[in-house]
Amino acid sequence: MRKIGLLVAGVAALGMALGQANVIKIATQSPLSGPQAALGEQIKLGAELAVEEAKAKFRQLGFDLVLVPYDDQANPDVGVANANRIINDPDILGVVGHLNSGVAIPSSEVYARVGLVMVSPANTNPRVTDRRLPNVNRICGRDDVQGPVGAEYAFNNLKVKNVFVIHDKTAYGQGLAEEFRKRLEALGGKAVAFVGTEETANFVPIINQIRGARPTPELIYFGGIYSQIGPFVKQLRERGLKTRVMGGDGLDSSEFVRLAGKENAAGTYYTTVAGPVSAFPKAKELAQRFKQKYGKEIEGFGIYAYDSANVILAALEAAIKAAGGKKPTREQVAQEVRKVKLEGLTGSIEFDDKGDNKRAKYFVMQVAASGNWADNKLIRTIELAAPGAR
Amino acid sequence: MLEQILVLLPQVIFDGFILGFVYAMVALGYTMVYGVLELINFAHSEIFMIGAVVGVEVFRYLAPHVENGFLLLLLALVLGGAISGLTAILVERFAYRPLRKRGTTNRLVPLITAIGVSFILQDLVRLIEGLWHNEFFLRMRTVEDLEGSVELFGGAIFAQNKSFILMGVSILMLLGLTYLVNRTKLGVAIRAVAQDLSTASLMGIDPDRIISRTFLIGGSLGGVAGVLFALQYTTITPYVGFLPGLKAFTAAVLGGIGNIPGAMLGGLVLGQLENFFGTYLPILTNGNFGTEYKDVVAFLILILILLLRPQGLLGQVVKEKV
């Protein structure tokens, strides 16, 4: 009796394995709940749209394409736990993600154990690719370029010398702020203070420091996420301080305006690695499809996630062909990703030997007074190569 | 350096008071429950958070209909206090009373229950707000009547009108509570139950009812503090209660837990310490220690105070009840 039971179980398992043989899954990992969900959802939906559109093509090749979203909650522990679940699902051949460098760095080490490829639309910390993992790639720019781009704009164009620098103590925020400070001081400016804070509600002590700082800062640079910068700017303006504010791509979300208030947010500068829809003429159509399908506007990271997914899909297609129509291994997909040459919506995508995009774009933006995120003014687009090996 | 410190000092003290009054109001909830049940009700931070969320929702829905900002605030305070108080009663009824009725003597059990309840409340609020508005960050609506600011002492202190409202309301609540505990029948009953639960019940006091009311009063104070906190600091999340709650608990211990004036004093002291070090640490250490260490330093000083005076500032050495 027991033997028959085992046999039945075995046959069932075999049936399931055979049934799944032609399924290829693409995973996304980004925060879908919690403070940064607004940015993370863009990554999921952008990738989802690319996968939906490629389904027909892959059916012809004999494969069912499925997107499996994972919620990393912007938390490294959760990201790593998800990564372990991801590598144990043999059908997952590629990952689009993450949003946070602090989550991407440990999670990508888990993917590396099985050679699972990751293409990131958003991770800007230099260490993401500087570790030279063969499976880690990104199509966006890096903080050691983004920070300096901000510093140069502040010093050369805004003509500010004294900057009050704040960061959120994460791999992303602190790294960005440090790169900003380095370049600013190299140019001849001065960081009058460099403070970290994990505070989310009460920014009064920092605002008092800004009032008391000598020489008076002409600009405040905040390396962090909109969830902190929004309330900070609101309290700053409520207390009558008119000092200009600049941030990095963590500020690049319409939530920033909601939290800071329209009048307070207006005029804030930010650099971003994921430009607005208006910066990419080719993305206009995508924006319409996105709006039709999900009922909301696509933002920068949504477009970048769409391109990231397409990089993986192009590599998959090449790997399937190379494998003679069979399901490729994870290593094969990872190798093909490095060979991809793709004219994406965000520009040309081609990886160097570290996994950085050969020429990434950086944007200097200013928040519009209308309160509508799509109206934000694109001040400057800079295309720069990633720094070489160090 | 000294000049920089002196220039900012009036402002720092003023802001420290605002924060201190918030802590004081929350600390009262901890201290009252501890006084009566010797239970550290960690779920009280979430009662505070619920008050803040109710405040945001009241402003969101009623601001277009209620012209007068002060009336609106009054409504928010009453509703925030009521809903928080009610939640506190429910928590006591369904989480703590069953343990008490079973005669659980281990002190750790209710403590762990309290921590569990605190997580449940956080995620419940997150779920409700997520389904309702799909929002994580709740933003307090701006109402014109409550905006505006003045400069005092020739610009040395920048004060917002809502800061005065916060201080005024909290002083009123604190005075009201002192009167209630010391001068009314309910206050006498609360003190009697705090003194000795079983003897009090022999004297015709229904202890369950008194405990329930204690939770109601402490919870309402926490809720009112939450509404004022939301008004002052404007962005609220389901997790916003955790740190203020922890600090308020510390304030209660600092003042001498179970002691009502002590909790107020502890709150004010903690608010001042936190704000002082938050602002001055980088200046005092020449930029080597930033604002991020404000809590570390404030808590270090607290530990020092408690080493010198373990019963807290206004606490008395607890005598064994015979």
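Here is how names work: the chains are called A, B, and so on, in the same order as the sequence lines, proteins then strands, and each is numbered from 1.
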Inset, instruction - In sequence, state the C-alpha distance, the side-chain angles, and the governing distance for Ser163(B) and Phe14(B), and then conclude on side-chain contact (heavy atoms from CB on, under 4.5 Å). - result: CA-CA 9 Å; Ser163(B) 312; Phe14(B) 182 79; 4.1 Å; yes

Pick from [options]: which one has the most heavy-atom pairs with chain A under 4.5 Å?
| options | answer |
| --- | --- |
| Glu147(B), Lys294(B), Gln232(B), Gln160(B) | Gln160(B) |
| Leu243(B), Thr291(B), Thr234(B) | Thr291(B) |
| Asn275(B), Ile236(B), Val240(B) | Asn275(B) |
| Thr142(B), Ile5(B), Thr235(B) | Thr235(B) |
| Met140(B), Gln11(B), Glu274(B) | Gln11(B) |

For [X], is it the side chain, the backbone, both, or neither that has a heavy atom closer than 4.5 Å to a heavy atom of chain B?
| X | answer |
| --- | --- |
| Glu255(A) | side chain |
| Ala193(A) | neither |
| Gln235(A) | side chain |

Under 4.5 Å heavy-atom distance to chain A, tell me which part of [X] shows up: side chain, backbone, both or neither.
| X | result |
| --- | --- |
| Leu281(B) | neither |
| Tyr293(B) | neither |
| Thr237(B) | neither |

Legend entry - Heavy-atom check, side chain of Phe136(B) versus side chain of Ser227(A), under 4.5 Å: no

Inset, instruction - Compare all side-chain heavy atoms of Leu228(B) with those of Leu77(B) and state whether any distance is below 4.5 angstrom. - result: yes

Inset, instruction - Cation-pi check, Arg85(A) to Tyr70(A): give yes when NZ or CZ is under 6.0 Å from the six-membered ring centre and within 45° of the ring axis, no otherwise. - result: no

Legend entry - Largest heavy-atom contact set with chain B, pairs under 4.5 Å, which of Asn202(A), Ile166(A), Val204(A): Asn202(A)

